[in-house]
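Read the structure below first, then the notes.
So you know, we letter chains A, B, ... as the sequences are listed, proteins then strands, and number each from 1. Since the structure is predicted, the reported quantities are computational estimates derived from the model, not experimental observations.
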Amino acid sequence: MSTEEAPKLDFMRQIVADSIAAGTHGGRVQTRFPPEPNGYLHIGHAKSICLNFGIAREFGGRCNLRFDDTNPTKEDVEYVDSIKEDVRWLGFEWDELHFASDYFEQLYDWAVQLIKQGDAYVDSQSLEAIRAGRGTATEPGINSPFRDRSVEENLDLFARMQAGEFADGEHVLRAKIDMASTHLILRDPLMYRIRHAHHHRTGDTWCIYPMYDYAHGQSDSLEQVTHSICTLEFETHRVLYDWFVEKLGIFPSHQYEFARLNLTYCLMSKRRLLELVEADVVSGWDDPRMPTLRGLRRRGYTPESLRNFCHDIGVTRYNGLTDMVVLENALRHDLNKRAERRMAVLNPLKVVITNYPEGESELLEAVNNPEDEAAGKRQVPFSRELYIERDDFMEDAPKKFFRLAPDREVRLRWAYFVKCNEVIKDADGNIIELRCTYDPETKGGNAPDGRKVKGTIHWVSAQHAVSAEVRLYDYLLKVEDPADIPEGDAWREALNENSLQVLADCKLEPSLAEVSSDMAVQFERLGYFIADSQDSTPEKLVFNRTVTLKDAWAKEQKKG
RNA sequence: UGCCCGAUGGUGUAACGGUAGCACGAAAGAUUCUGAUUCUUUUAGUCAAGGUUCGAAUCCUUGUCGGGCAUCCA
């Protein structure tokens with residue numbers, strides 16, 4: 001047959017491929033991404049989005065976006081708009097847009113059906129009594145005293161629940177399954193609770209709202225979902241999912257579970273992220289340190305890098321911990337190809353080229369992106385006074401230090417070879433200026449006599465430079481495995497108090513004054529940066545460091 | 001003490017009873033006007049014990065370890 005190797009399928013795609021091969025549902029593939037509109041999407045959701053939309057795309061299927069809005073007290077339109085925007089930004093478009101709340105009427109009718117079948121009943125116990133009656137993992141639960149109400153009484157009570165005759169908590173509707181089941185989920189799970197609350201879409205039409213387990217599978221069924229993909233913590237719910245499908249005799253959607261994403265040094269629970277926002281630990285949901293899609297976007301992550309990352313980590317049923325560097329590498333890989341290079345000095349050290357004529361300047365040609373010839377070239381101004389990075393000079397330099405030091409020669413990127421002759425210090429002994437000489441013969445960066453230099457450093461012309469604030473970010477957590485963070489309030493101690501470092505007066509080459517906030521740039525030898533979409537203005541430039549470049553010298557230094 | 005699920009180099013994954021492979025990391029080297037990129041090489045693994053089989057990471061049994069499940073959350 002084909003000489004081409006079959007693409008390796010993860011277990012989920014294998015399931016889909018098998019069901020197509022078996023002709024299940026006529027070989028049709030329908031998935032859905034079902035977020036609850038109670039928070040912003042994060043990188044963990046990206047994995048699910050890439051899986052659901054990716055499978056539909058790869059197998060000629062369809063994927064819906066469905067908001068699981070069954071809890072009016074937690075949900076808000078603010079979130080539905082942002083979720084839509086984030087899904088699109090990631091690069092996906094849904095076939096149909098739905099809300100679980102669109103199915104409230106149907107869900108109600110089905111509940112009536114279950115009552116009539118003797119498969120559901122109204123329980124009038126208190127919350128505490130229901131909880132106590134559930135039993136434990138090792139002891140069976142006990143039947144509610146209301147479990148054997150007649151169908152007529154149940155129908156009447158349920159109708160009156162819906163009509164608003166009762167206060168919150170007075171009654172609930174429960175599925176009548178088995179209070180002694182070894183699956184705790186089957187111990188007469190709640191289907192409806194009374195909530196006199198305003199719903200962001202249905203307004204005050206309803207005062208009873210379905211629980212997740214009663215709404216989710218049926219919503220899938222109504223949308224003819226063939227593969228209902230969710231994370232492992234819903235695994236134990238599958239038996240109930242199937243129970244409703246069977247009792248109702250509706251389209252048999254099937255649930256498949258995969259392991260959610262865990263990342264080192266990264267908080268992923270919506271609850272914790274919300275706490276960070278509310279406690280002003282971060283500036284908001286879009287703080288560049290947040291793992292939210294909005295945060296990542298503002299930080300400078302590209303949708304491509306996120307999609308590639310999701311592909312790289314694969315899909316399994318093993319609950320692992322992915323190293324953050326995998327994410328960062330996916331990002332570097334993408335940015336390396338697309339980001340134009342610029343020169344910027346984060347911690348400026350003044351350099352005077354003593355043999356360069358005073359008051360003069362010239363334009364030198366620099367390549368925009370060595371990985372992409374089409375990116376072209378630009379002109380960079382050079383003059384007598386420059387700034388270089390403080391880290392690029394050492395007074396007592398070890399042999400392995402390839403940068404500037406007394407009597408050592410380095411190349412200024414795209415410019416000239418310079419040699420350091422004199423170190424000027426202030427009264428406290430701090431180095432405040434370097435006196436260097438340049439070799440005019442080396443213009444452009446090459447010596448006609450063929451001599452080599454070991455190092456090339458970046459620079460900016462002092463008189464032409466633009467000033468900017470640059471924000472350097474580090475992980476939000478100090479602990480590698482977020483699962484090690486204790487429950488309760490102590491988790492705050494796991495926060496990295498140095499996750500943000502602001503450099504107030506950095507010096508950038510002039511072309512950086514007009515770079516837009518949707519274009520990543522590489523500050524040569526430092527990393528990838530992006531103008532901050534919220535705070536950067538032509539008057540006050542603000543750049544975010546998206547990610548550093550790999551740094552072999554830093555690694556060498558760490559070795560000692 | 002119940003039920004469900006999982007376990008392959010440091011990490012993430014592949015191998016569908018027949019050569020344990022890939023990526024990231026790490027180490028060494030080459031190239032380089034970014035100590036970047038790129039390229040080469042090396043490193044290191046089937047949780048344990050039994051069983052089935054000509055042959056087991058794969059199938060069976062038992063054990064060990066890890067995760068999930070007892071919100072009127074999703």
Problem set entry | Ring-base stacking, A:Y318 with B:A7 (5.5 Å, 30° cut-offs) |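 No, A:Y318 does not stack on the base of B:A7, since the centre distance and plane angle fail the 5.5 Å and 30° test.
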Problem set entry | Side-chain donor/acceptor of A:Q522 to base of B:U34, under 3.5 Å |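 Per atom types, the contact qualifies.
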Exercise. With no angle test and no hydrogens, is the base of B:G35 tied to the side chain of A:R403 by a donor-acceptor pair under 3.5 Å?
Worked result: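 Side chain to base: pair found, below 3.5 Å.
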Exercise. If you check the A:I313 side chain, which of B:C24, B:G12, B:A14 turns out closest?
Worked result: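 Nearest listed nucleotide: B:G12.
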For this session: For nucleotides 62-74 of chain B, just jot down a letter per nucleotide in 5' to 3' order: B, S or -, based on protein non-hydrogen atoms under 4.0 Å.
Result: -----SB-B-BSB
Exercise. Is it the case that A:T264 and A:E480 place a side-chain donor and acceptor less than 3.5 Å from each other?
Worked result: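 Per modelled atom types, A:T264 and A:E480 side chains form no pair under 3.5 Å.
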For this session: Answer yes when A:D178 and A:R187 have at least one side-chain N-carboxylate O distance shorter than 4.0 Å, and no when they do not.
Result: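 Result for this pair is no, no salt bridge flagged.
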Exercise. Paired with B:C39: which nucleotide, if any, by Watson-Crick or G-U wobble criteria at under 3.5 Å for both distances?
Worked result: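 Base-paired to B:G29.
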Problem set entry | G-U wobble or Watson-Crick pairing nucleotide for B:U58 (cut-off 3.5 Å, both distances) |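 With both distances under 3.5 Å required, B:U58 matches none.
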For this session: Name the nucleic acid region contacted by A:L412, choosing base, sugar-phosphate or nothing; use a 4.0 angstrom heavy-atom cut-off, strictly under.
Result: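 No contact.
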For this session: Not counting sequence neighbours, which residues clear ring pair (Phe, Tyr, Trp, His ring centres under 6.0 Å) with A:Y108? List them please.
Result: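 In terms of ring pair (Phe, Tyr, Trp, His ring centres under 6.0 Å), with neighbours along the sequence ignored, A:Y108 is linked to A:F158, A:W206.
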Problem set entry | Distance, C1' atom - from B:U13 to B:A20, rounded to whole angstrom |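 Approximately 13 Å lies between the C1' atom of B:A20 and that of B:U13.
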